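In this chain, numbering begins with 1 at the start of the sequence shown. Because the structure is a prediction, the values reported are computed rather than measured.
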Amino acid sequence: MKFAALLAGTLFAGSAFAQDSPYTVSIRDGKTVSQAAELPIDPVPRLTMTHYGNAIVGLQLGNITIMNGGAWPQFRVDGALVQSVNLPNQNTQALPLSPTGKPRHGWQVASRQGDLQFTLVTELVPSKPGPKNVAGKRLLDTARMTYVLENKGSRDVKVEFKVSMDMFLVNNDGALFASPTTHPDKILNGVELKGKDLPEYFLGVENANAKNPGMTTTFSLKNGLIEGPQRVVLTQLGAISGVNGWDVLPQAAGDSACALFWESKTLRPGEKRTMAWAYGAGLASNPENEGKVAILLGGSFEPKKVFTILAQVDDPVFAQTLTLDLPPGMTRLEGKEIQPVPAPVGSGSSMVFWKARVDKFGAHELKIRSSTGVTLSKHITVSRNEP
């Protein structure tokens, strides 16, 4: 798609403005209409989450163990390693309701570590719909771990963060890994994933056989707009269990393990850093944000000229489509009426683009309907200015 002309101009999310020509344009948001989701969530939790204390989280999928001993975070402050995050398991708190008033499955716990406030939020979320369950319900079978570091001190601090996990799947303490999007048809053993080789997700595999992997689990590295790890090391347990070590080398397993790294970042006083990853049966979704659509308008609304419609979709769901509904008095010029939402690149957002024109002065209601059951609208009024 050609975004250059659109991005070079002005984008209007909803406002009233006058242009140089003798007319006035008023734009305001219409009412958002939400219908029943096409893929409801099965309310029965399929994953058991356990807090072992000291920020360690353990997971069990039904009767199947999918990690050994839990996943434990560490961070360095100005190069000094914080050995243990003191989060007693008896101090866990239930998660508050979602912004839309829905209950959430999980818990949160916080602790002060010097000048840093450390908060761990562990939440059970549904896995994203895919080809196998597009006609059914999404399952609560994935855990999202969110870590928040806030600088409570009076000086800048440089913070690095990592999460380590001892791999175990079914009965295999040496279960390995796969990355279908970056290393198709391969089993990964002693590999570092970073840069262009860092995928949106990778898999844990029961069997070291790409054609017959047995049970698989999913590590979700990109969770909407929350900062995900910049590097992953697939290795053996001995490489991540050093008392004073920080960096981890990729080594063939053995007793397999992995480490997720977030790069160094300076936090100013009062600044927060929020990081997340997820693990479970499928690719983690963000129930509060997935498939969310925002409309941006640009160009000229003078009759017979061209304006642009940009739909930004956060964390698009599988097979999501958008439909542009223009009223009489407007004409679509470019872009199909119904368009699939492309896969996101990098930030977790995708773009869908149209061009249109206003054919006559007056009030117009532009609508975009998402296959997720949400309809958004913009009320656009174009009127002549009196001489």
Side-chain angles (χ1 to χ4, degrees), residues 41-42 44-73 89 92 105-107 120-130 132-133 138-147 162-180 187-191 193 199-210 212-223 228-229 232-241 248 253-260 276-285:
I41 299 172
D42 188 327
V44 179
R46 307 300 176 101
L47 191 73
T48 301
M49 305 182 300
T50 304
H51 177 211
Y52 294 129
N54 291 336
I56 300 174
V57 177
L59 302 176
Q60 182 126 346
L61 190 61
N63 295 322
I64 300 174
T65 300
I66 61 172
M67 61 167 59
N68 193 11
W72 60 97
N89 55 16
T92 58
H105 299 268
W107 37 266
L120 165 64
V121 178
T122 304
E123 182 171 6
L124 187 60
V125 298
S127 54
K128 285 189 177 183
K132 293 183 179 180
N133 67 342
R138 290 174 290 170
L139 303 180
L140 288 170
D141 56 8
T142 300
R144 182 175 60 207
M145 278 68 72
T146 304
Y147 311 92
K162 77 172 177 180
V163 175
S164 302
M165 193 184 97
D166 183 2
M167 189 63 182
F168 189 98
L169 193 51
V170 189
N171 293 310
N172 187 0
D173 202 14
L176 295 176
F177 309 94
S179 178
I187 296 296
L188 303 183
N189 187 7
V191 174
L193 302 173
E200 177 183 0
Y201 69 94
F202 66 95
L203 304 178
V205 295
E206 178 186 2
N207 304 324
N209 185 327
N212 181 28
M215 182 180 179
T216 63
T217 51
T218 303
F219 294 78
S220 300
L221 304 183
K222 295 182 180 179
N223 291 270
V232 173
V233 179
L234 309 177
T235 188
Q236 64 165 322
L237 182 61
I240 67 171
S241 58
V248 173
D255 188 346
S256 54
C258 63
L260 285 60
W277 68 294
Y279 181 59
L283 190 63
S285 67

In a table with atom names and distances, give each donor-acceptor pair under 3.5 Å that connects a side chain of residues 55-73 to protein atoms at least two apart or in another chain.
residue	atom	partner	partner atom	Å
Gln60	OE1	Thr65	OG1	3.4
Gln60	NE2	Asn63	O	3.4
Asn68	ND2	Asp166	OD2	3.4
Asn68	ND2	Asp173	OD1	3.4

Which heavy atom of [X] sits nearest to which heavy atom of [Y], and what is that distance?
X	Y	result
Thr142	Gly282	OG1-O, 3.3 Å
Leu176	Ser256	CD2-CB, 4.3 Å
Gly204	Phe219	N-CE1, 3.9 Å
Leu203	Pro180	CD1-CG, 3.8 Å
Ser164	Ile240	CB-CD1, 3.9 Å
Val205	Thr216	CG1-CG2, 4.1 Å

Leu140 side chain near Pro126 side chain, heavy-atom distance below 4.5 Å:
yes
key: Student check: side-chain heavy atoms of Tyr147 and Val163 closer than 4.5 Å   = yes
[atom1]/[X] to [atom2]/[Y] distance, rounded to the nearest 0.5 angstrom?
X	Y	atom1	atom2	result
Thr217	Tyr201	OG1	OH	12.5 Å
Met49	Trp107	CE	CH2	7.0 Å
Ile187	Asn209	CD1	CG	7.0 Å
Leu120	Thr122	CG	OG1	4.0 Å

Are any side-chain N or O atoms of Ser220 and backbone N or O atoms of Ala284, one a donor and one an acceptor, separated by less than 3.5 Å? yes
Margin query: Using only atom types and a distance under 3.5 Å, with no angle test, would you say the side chain of Thr146 pairs donor to acceptor with the backbone of Ala276?
Written below: no
Check side chain to side chain contact (heavy atoms under 4.5 Å, CB included) between [X] and all other residues, then give those that pass, not counting sequence neighbours.
X	answer
Asn171	none
Ser179	Thr181, Thr182, His183, Leu188, Pro199, Phe202
Ala175	Met167, Leu169, Asn172

Applying salt bridge (Lys or Arg N to Asp or Glu O under 4.0 Å) to Asp255 and not counting sequence neighbours gives none
Salt bridge (charged side-chain N to carboxylate O under 4.0 Å, His left out) pairs touching residues 45-68, sequence neighbours excluded, are Asp42-Arg46
Charged N to carboxylate O under 4.0 angstrom, Glu200 versus Lys222?
-> no
Practice item. Begin with the C-alpha distance, continue with both residues' side-chain angles, and end with the deciding distance and a verdict on side chain to side chain contact (heavy atoms under 4.5 Å, CB included) for Leu260 and Leu221. Key: CA-CA 9 Å; Leu260 285 60; Leu221 304 183; 4.0 Å; yes
